[in-house]
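What you see is a predicted model, and the numbers here were worked out from it, not measured in a lab. Residue numbers begin at 1 in each chain, while the letters A, B, ... track the order of the sequences.
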Amino acid sequence: MPELPEVEIVRQSLNKKINQKKVIKVIVRNRNLRFKLPINFETFLKGRKIIEVKRFSKYLIFCFSNDKYCLLHLGMSGTVHVITDNQRNLLTNTSFYNSPTLPIKHNHVEIIFKNLRVIYNDPRRFGFFQIINDSLSLKKKFANLGPEPFQTEFNYKYIISFLKGKNKNIKNFLLDQNFVSGIGNIYANEILFHCKLDPNKKADSLKKDDYKKIILNSRKVLSKAIKNGGSTIKDFKNTSGKRGRFQKNFKVYERKGQLCKRLNCKGIIQKKEISNRSTFFCNICQI
DNA sequence: AAGAGGCCCTGATAGC
DNA sequence: TGCTATCAGGGCCTCT
């Protein structure tokens, strides 16, 4: 569920809390994430200083001095928690189990800094860490990913040339990270609603105006989601345990059977499987 | 080569 | 109450 906006929220709060801090210790409780945590993970991080926390697409990038990097992808259920030593002492002394911020189970990785620690929690273990040894490898890692919606490279010309000769529906393309990166199932649904487009429509049959709407609305929806602290469906929280608010703005996602929110539209939101992903759309205005 | 489908995993929920 | 089935979905992999 963490898509670009949620990852950005995590990045922002992490960058405030751990920038310029040095890793003192790393605790790994479970190496079996989506990809097995490398054997040298702990020694690679230990002693290194964070100089910035960046993001590309749905990847967090911990940047260290000397051109070293560590990627973190949150998969579907990954959350990052930052907790100070003081908060931690209070928790253990009083009601650890009633803590609103820190989960008890599935805290697989802890990265410990002076006075605080970063805890990676992930029930489904679809998330992963990756060590990157120089900026060239970092570039390579992202080479096959498409631009983010915000980038100028995501423009009409690019879309036309990418879609040429391909035969998929538009929703699949929005989910295709090689076409445009950062959009997941929730935001793909929302973006297509704002474009008034049928998710099942073949992408190369769309009009010039539709492509422009897609560019505009993917930027609009994602930036509004970021402004609202991301979306919390079930378990997304920022590093302080605060929930997102953008789910209140959803027009179609998880609204099956409900009335379309567009002014004067009498449509009913439909739910349909498109390539194994639940897809929500209005049966009147999205045609 | 493009596209479809399977797989990894756990927790919540529905149905019996 | 307790069992089983189903669903959620990001990215990588395999098969056609």
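- Across all strands, Glu273(A) comes closer than 4.0 Å only to sugar-phosphate atoms, never to a base (heavy-atom distances).
- Between Arg255(A) and Glu190(A) there is no salt bridge, since none of the side-chain N atoms of the basic residue sits less than 4.0 Å from a carboxylate O of the acidic one.
- Nucleotide dA1(B) holds its C1' atom 13 Å from the CZ atom of Phe162(A), rounded to whole Å.
- The separation between Arg124(A) atom CZ and dG11(C) atom C1' is 15 Å, rounded to whole Å.
- Taking the ring-ring contact (aromatic ring centres under 6.0 Å, His included) definition, one finds that His73(A) meets it with Tyr59(A), Phe128(A), sequence neighbours left out.
- In this structure, the helix from dA2(B)-dT16(C) to dC16(B)-dG2(C) shows an angle of 50° between the axis at its start and the axis at its end, each fitted on 5 base pairs and rounded to 10°.
- Near-neighbour residues of DNA chain C inside residues 28-37 of chain A, defined by a heavy atom below 4.0 Å, number-ordered: Arg34(A), Phe35(A).
- The shortest distance between the side-chain N/O atoms of Lys105(A) and the OP1/OP2 oxygens of dG11(B) is below 4.0 Å.
- If you check the side chains of Lys256(A) and Ser278(A), you find no donor sitting under 3.5 Å from an acceptor.
- The CG atom of Leu175(A) sits 7 Å away from the P atom of dG10(C) (whole-angstrom rounding).
- The shortest distance between the side-chain N/O atoms of Lys256(A) and the OP1/OP2 oxygens of dC7(C) is not below 4.0 Å.
- Sparse packing is recorded around NZ of Lys220(A), with 12 or fewer heavy atoms of other residues, nucleotides or ligands lying under 6.0 Å away.
- Checking Arg277(A) against Lys202(A), the closest nucleotide of DNA chain B that is more toward the 5' end is the one next to Lys202(A).
- Side-chain nitrogen and oxygen atoms of Lys58(A) include at least one within less than 4.0 Å of the OP1 or OP2 phosphate oxygen of dG11(C).
- Using a 4.0 Å heavy-atom criterion, one finds that Asn167(A) contacts the sugar-phosphate atoms exclusively.
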Show your working on side-chain hydrogen bond (donor to acceptor under 3.5 Å, both in side chains) between Lys58(A) and Ser181(A) and close with a plain yes or no.
CA-CA 8 Å; Lys58(A) 303 171 191 170; Ser181(A) 51; over 6 Å; no
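- Protein atom NZ of Lys164(A) is 14 Å distant from nucleotide atom P of dA2(B), rounded to whole Å.
- Contact annotation: His106(A) does not reach the phosphate of dC9(B) (side-chain N/O to OP1 or OP2, under 4.0 Å).
- To the nearest angstrom, C1' of dC13(C) lies 15 Å from CG of Asp176(A).
- The distance from atom CG of Asn276(A) to atom C1' of dT6(C) is 14 Å, rounded to the nearest whole Å.
- Using modelled atom types and a 3.5 Å distance limit, the side chains of Ser137(A) and Asp134(A) yield a donor-acceptor pair.
- Residue Ser77(A) places none of its side-chain N or O atoms closer than 4.0 Å to OP1 or OP2 of dC9(B).
- Side-chain N/O atoms of His73(A) include one lying less than 4.0 angstrom from OP1 or OP2 on dG11(C).
- Rounded to whole Å, atom P of dG3(B) lies 7 Å from atom NZ of Lys166(A).
- Only one option out of Asp176(A), Ile191(A), Leu192(A) pairs with Lys171(A) in a side chain to side chain contact (heavy atoms under 4.5 Å, CB included); it is Leu192(A).
- Note: NZ (Lys168(A)) to P (dG5(B)) measures 12 Å, nearest angstrom.
- Donor-acceptor pairing under 3.5 Å is recorded for the side chains of Thr239(A) and Lys17(A).
- Using a 4.0 Å cut-off between charged side-chain N and carboxylate O, Lys25(A) and Glu110(A) make no salt bridge.
- There is no side-chain donor-acceptor pair under 3.5 Å between Tyr187(A) and Asn185(A).
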